[in-house]
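Read through the structure below, which is laid out as structure tokens, and then see the notes.
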Amino acid sequence: MKNLEISRIFHSIAQILEIKGENIFRIRAYERAALALEGIDNIEDYANEDKLTDIPGIGQDLAAKIKEYLSSGKISYFEDLKEEIPEGILELLKVPSIGPKTAKLLYEKLKIKNISMLEKFAKEGKLLGLEGVKEKTVENILKGIAIVKRGSERLDIASACEIADRFIKELNSLKEVKRIEVAGSLRRMKETVKDIDILAISGKPQKVMDAFCGCGEVKEITAKGITKSSVLSKDGTQVDLRVVKADSFGAALMYFTGSKSHNIKLRTLAVRKGWKINEYGVFSVKTKKCLASKTEEEIYDLLGMRYIEPELREDTGEIEAALKNKLPKLIQLNDIKGDLHVHSNYSDGKNTIAEIAQACKSKGYEYVAVSDHSEALKVAGGLSLSDLKRKKNEIDKLNKKMKNFVIFYGSEIEIDSSGNLDYNNAILQEFDFVIAAIHSGFKQSKEQLTRRIVKACRNPNVDIIAHPTGRLWGTRDSYELDFEEVFKAAKDTNTALEINGFPNRLDLADTLIRAAKEKGVKFAIDTDSHMTEHLDYMKFGVAMARRGWLQKEDVVNTLSLKQILKFKK
DNA sequence: GCCGTTTTCGGCCCGACTGTTTTCAGTCG
């Protein structure tokens with residue numbers, strides 16, 4: 001992903017400039033641009049159409065640097081900067097409690113160039129002579145190094161939800177807590193999160209803070225104040241709690257939900273109107289009077305815009321859309337009428353088809369497609385032709401017994417290395433739903449992988465492409481695809497692209513969903529369940545769809561039983 | 001370095017907590 005490579009370089013440039021003590025606004029411009037680029041998956045399209053400066057935060061200068069990187073793989077300005085400040089010093093900034101000023105001090109006074117040198121110096125007491133450094137600072141640096149060493153992996157959304165729930169449950173039992181909510185990137189439902197933010201209402205913040213820091217889940221307290229504290233949970237996740245009064249809950253929730261760039265843009269808009277936004281409310285600069293604070297709705301309303309759902313708050317056009325009253329009406333969990341990608345014990349799933357059907361029915365669904373692996377995927381118990389026959393018979397029998405619910409006979413079919421499907425067309429025609437997927441040959445070229453998926457779309461029996469980019473969080477990166485080609489093929493052949501709700505997949509990614517939607521592609525939100533408990537992952541799939549600005553109409557499994565029969569090929 | 005209902009210059013979001021100071025700079029979100 002070129003956009004992420006450039007984003008990282010801009011971020012590094014900002015850090016080097018900060019160490020050099022350059023103009024803070026120039027530094028912010030690089031940081032802002034780095035953030036903006038994270039959300040642009042088709043940066044080459046912007047460059048080719050000469051539209052780079054359409055991206056907020058990208059002007060003439062940065063556009064030229066992006067073009068330079070796309071054509072040469074380098075940004076000469078960055079190469080020059082690295083001559084001045086060794087790149088290794090940026091490593092020091094990863095240590096919590098070390099920022100640019102400290103990094104500069106460590107490099108200039110002691111020639112410390114990396115974390116292992118820093119650890120050695122700290123343990124030998126050699127940092128103590130430095131200006132403003134005493135025992136406590138050294139202690140914090142060593143703690144910080146321990147945190148970096150433990151690894152900075154981001155938490156998957158499901159684990160983060162579990163940790164947050166445990167804290168919230170414990171705090172909610174206090175009579176001093178009037179209300180408590182998750183905020184931060186978890187409320188925005190980002191695929192992975194770095195830390196967990198929790199916001200509470202209470203008139204007795206000190207009591208709440210004491211309870212929070214004393215939670216059974218807490219391993220270490222990193223900061224404890226009257227209204228704000230940070231702890232590390234037993235599994236090493238940072239959890240922040242902020243306590244405010246009921247009057248400022250809306251403003252605090254907004255501030256604490258972010259994203260940072262969303263907040264900055266709102267605050268900038270407010271400044272132009274002679275207002276100031278902080279976590280306590282919107283205030284008139286002149287009269288100091290509070291104009292709105294209790295709910296998020298009244299704040300957005302005051303700013304002259306529609307309420308913006310948390311999943312959209314990334315400063316990728318949602319504020320402009322809200323001002324023009326052009327926000328989409330986002331899909332909701334209860335719009336979903338069925339799950340089209342579920343594994344049974346015929347392949348590598350745990351439950352019987354009857355159990356799956358019952359669980360789906362009790363969720364209020366009208367249908368489920370039991371789509372086990374195809375024969376080639378032996379490791380996952382892919383079904384032979386005789387298995388298929390047995391499975392079809394069982395489904396037919398169950399369907400005769402079930403009322404107001406239908407089990408579809410489905411399969412998740414292997415796309416082989418040249419784009420052919422595992423079963424022949426005569427067998428494929430038998431299925432109610434065919435989901436095609438790549439599970440091997442990830443290292444092929446972008447062209448080969450694209451051709452495989454496009455070929456699968458063109459097969460008249462294929463209804464859905466499962467987990468289209470194959471990424472597994474923390475294990476495997478996406479394989480490379482020409483998305484323009486894939487989206488076009490999906491649109492032209494009326495093949496839905498899957499949004500896979502399984503927490504370590506969540507694939508397609510939100511930015512790609514949005515790009516595909518603009519090309520007119522339809523989607524299926526599935527769970528890829530391997531046991532009935534996994535059916536709950538639908539909420540994560542729907543969250544990704546919402547982050548991709550999808551409406552009910554964009555998603556095929558919001559269709560009623562009658563309607564979806566018309567969709568499938 | 002970006003940006004514009006204060007438009008080509010002169011602004012640029014805002015506050016809590018910590019450690020080391022004795023009023024504040026640095027870090028973080």
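- The existence of a salt bridge linking A/E176 and A/K204 is excluded, since no basic side-chain nitrogen approaches an acidic carboxylate oxygen closer than 4.0 Å.
- Note on A/I277: only backbone sugar-phosphate atoms sit closer than 4.0 angstrom, heavy atoms only; bases stay farther off.
- The side chain of A/T102 lies closest to B/dT27 when the candidates are B/dT27, B/dG29, B/dC13.
- Regarding A/K276, its NZ atom lies at a distance of 18 Å from the C1' atom of B/dG11, rounded to whole Å.
- Of the candidates B/dC17, B/dC13, B/dT18, B/dC17 carries the atom nearest the A/K228 side chain, counting heavy atoms from C-beta on.
- Of the charged side-chain nitrogens involved, at least one lies within less than 4.0 Å of a carboxylate oxygen, so that A/K65 and A/D61 count as a salt-bridged pair.
- At a threshold of 4.0 angstrom between heavy atoms, the contacts of A/Q238 are confined to the sugar-phosphate backbone, with no base atom among them.
- Residue-level contact check: A/R242 touches the backbone only, with heavy atoms under 4.0 Å from sugar-phosphate atoms and none from bases.
- As rounded to whole Å, 10 Å separates atom P of B/dT18 from atom CE of A/M209.
- Taking the nucleotide of DNA chain B with the nearest heavy atom to each of A/K224 and A/G99, the more 5' of the two is matched to A/K224.
- Phosphate contact (OP1/OP2 of B/dG1, side-chain N/O of A/Y77, threshold under 4.0 Å): absent.
- The pairing partner recorded for B/dT8 is none, the criterion being a Watson-Crick or G-U wobble arrangement whose two distances lie under 3.5 angstrom.
- Spacing of P atoms, B/dT5 relative to B/dG1, comes out at 23 Å, to the nearest Å.
- One interatomic measurement links the two molecules: CG of A/D315 to P of B/dC2, which rounds to 16 Å at whole-angstrom precision.
- For A/P96, taking side-chain heavy atoms from C-beta onward, the closest of the listed nucleotides B/dC28, B/dC14, B/dT18 is B/dC28.
- Toward the 5' end of DNA chain B, the nearer of the two residues A/D61 and A/N263, judged by each one's closest nucleotide, is A/D61.
- Separating the CG atom of A/L303 from the P atom of B/dC13 is a distance of 15 Å, rounded to the nearest angstrom.
- Proximity of the aromatic rings of A/H534 and A/F502 is defined here by a centroid distance below 6.0 angstrom, and this criterion is met.
- Heavy atoms of A/L266 sit nowhere under 4.0 angstrom from any nucleic acid atom.
- In this structure, A/L269 atom CG and B/dC2 atom P are separated by 20 Å, rounded to whole Å.
- As rounded to the nearest Å, B/dT21 and B/dA16 have P atoms that lie 24 Å from one another.
- Following rounding to the nearest Å, A/K136 (NZ) and B/dC17 (P) show an atom-to-atom distance of 16 Å.
- Checked for salt-bridge contact, A/K74 and A/E68 miss the test: no charged N lies under 4.0 Å from a carboxylate O.
- OP1 or OP2 of B/dT20 lies within a sub-4.0 Å distance of a side-chain N or O belonging to A/T137.
- Distances from the side chain of A/D240 to the nucleotides B/dA16, B/dG29, B/dT27 place B/dG29 closest.
- Between A/L17 atom CG and B/dG1 atom P the separation is 8 Å, expressed in whole Å.
- The same atom, P, is picked in B/dG11 and in B/dT6; the two are 15 Å apart, to the nearest Å.
- Listed nucleotides: B/dG15, B/dG19, B/dG1. Nearest to the side chain of A/N140: B/dG19.
- Within the nucleic acid shown, A/Y30 comes within 4.0 Å of sugar-phosphate atoms alone, with no base atom in reach, counting heavy atoms only.
- Heavy atoms of A/L62 sit under 4.0 angstrom from primed sugar atoms or phosphate atoms, though from no base atom.
- With B/dT20, B/dC14, B/dA16 as the choices, the nucleotide that has an atom nearest any side-chain atom of A/N278 turns out to be B/dC14.
- Rounding to the nearest 0.5 angstrom, the gap separating the CD atom in A/E314 from the NE2 atom in A/H262 is 9.5 Å.
- Ion pair A/E279/A/R242 flagged as a salt bridge, since at least one NZ, NE, NH1 or NH2 atom sits closer than 4.0 Å to an Asp/Glu carboxylate oxygen.
- The residue A/I27 sits apart from the nucleic acid: no heavy atom pair falls under 4.0 Å.
- Minimum atom distance to the side chain of A/R26 is reached by B/dG1, of the listed B/dT27, B/dG1, B/dA16.
- Between the P atom of B/dG15 and the CD1 atom of A/I264 lies a distance of 13 Å, rounded to the nearest Å.
- As rounded to the nearest Å, B/dT20 and B/dT27 have C1' atoms that lie 14 Å from one another.
- Between B/dC13 and B/dC28, the two C1' atoms lie 15 Å apart (nearest whole Å).
- Across all strands shown, A/K65 has heavy atoms under 4.0 Å from sugar-phosphate atoms exclusively, and none from any base.
- Taking atom C1' in both B/dC9 and B/dG15, one finds a spacing of 29 Å when rounded to whole Å.
- Put simply, A/R267 has no side-chain N or O that comes within less than 4.0 Å of OP1 or OP2 on B/dG15.
- For A/F25, the listed nucleotide lying nearest its side chain is B/dC12; candidates were B/dC14, B/dT20, B/dC12.
- Salt bridge annotation for A/R547-A/E309: absent, with no cationic side-chain nitrogen under 4.0 angstrom from a carboxylate oxygen.
- Remark: A/K94 does not engage A/E91 in a salt bridge, criterion side-chain N to carboxylate O under 4.0 Å.
- Of the listed nucleotides (B/dA16, B/dC14, B/dT27), B/dA16 has the atom at the smallest distance from the side chain of A/T227.
- Of the candidates B/dG1, B/dG29, B/dA16, B/dG29 carries the atom nearest the A/D195 side chain, counting heavy atoms from C-beta on.
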